[in-house]
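Data block below; observations after.
Every number for a ligand or one of its atoms is a count from 1 in the order of the listing. The model shown is predicted, which means the values in this text are computed figures rather than measured ones.
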Amino acid sequence: MTNDFPAGLALRSPRVDDHARVLAVLDQWWGGLGGETGSRERALLLPRLYFQHFTGTSRLAERPSGDLAAFLIGFFSQDQPEVAYIHFAGVDPALHGRGIATALYRRFFALARGEGRHRVLAITSPSNSASRAFHTRIGFTELPGAPEAPPSVQPDYDGPGLDRVVFSIDLPADG
Ligand SMILES: CC(C)(COP(=O)(O)OP(=O)(O)OC[C@H]1O[C@@H](n2cnc3c(N)ncnc32)[C@H](O)[C@@H]1OP(=O)(O)O)[C@@H](O)C(=O)NCCC(=O)NCCS
């Protein structure tokens, strides 16, 4: 546990018994983005395996009451030794704008650098303007999209109709 996290939150690695409670907040935390389809896609993005096999590089933040405040699911690429990947992250809307996501990302960056990872990748849905603004604000670049698509949009990236925007950031050597 750490006690220097924003808003007095405690940070720890997730456990398998956190799976259901993280799934339970997704719709509210994402503001119902994408309706029923969005809800189904989000749930499928977080199968139990992330809470079994990726916990060492992931973090969950809790209030003193134990209520979930934020999470980041990330891992180091198996195939690209310089790359780390942030798969999914969210913050309780009641706690937005307090630097919590920034702190979770920065801790992941530090962990990644410590393991020799120099680039972090992430993706989001083109319609997730909050995610796009946040990633841009903390220094990610949106990779070029397809010429026929809106800026940065990669059509069918995750399958038919599943367009995505891909973010990349090169980690500075000193921080
Ligand atoms: C995107 C999200 C993670 C940001 O969390 P947060 O803790 O509020 O973000 P921070 O407080 O660390 O914000 C960092 C910067 O990003 C900016 N930012 C964050 N959300 C933003 C938004 N919706 N619109 C514009 N800028 C935003 C902040 O203004 C801040 O900039 P500043 O340093 O100039 O003040 C949060 O809104 C969220 O959980 N959204 C729903 C889930 C989601 O879309 N996750 C994204 C990736 S899977």
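- Contacts of ligand 1 (protein heavy-atom distance under 4.0 Å) are Trp29, Trp30, Phe88, Ala89, Gly90, Val91, His96, Gly97, Arg98, Gly99, Ile100, Ala101, Thr102, Asn128, Ala130, Ser131, Ala133, Phe134, His135, Arg137.
- Looking at heavy atoms from C-beta onward, Phe134 lies in side-chain contact with Tyr105 at the 4.5 angstrom threshold.
- A search for side-chain hydrogen bond (donor to acceptor under 3.5 Å, both in side chains) contacts involving Arg63 returns Asp92, not counting sequence neighbours.
- Evaluation of the salt bridge (charged side-chain N to carboxylate O under 4.0 Å, His left out) rule for Asp158 yields Arg164 as partners, not counting sequence neighbours.
- Using a 4.0 Å cut-off between a side-chain N of Lys or Arg and a carboxylate O of Asp or Glu, Arg117 and Glu82 do not qualify as a salt bridge.
- Applying the side-chain hydrogen bond (donor to acceptor under 3.5 Å, both in side chains) test to Arg40 and every residue at least two apart in sequence or in another chain returns nothing.
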- Task: Start with the C-alpha gap between Val83 and Phe76, add the side-chain angles, then the distance that decides, and say whether side-chain contact (heavy atoms from CB on, under 4.5 Å) holds.
- Result: CA-CA 6 Å; Val83 170; Phe76 300 157; over 6 Å; no
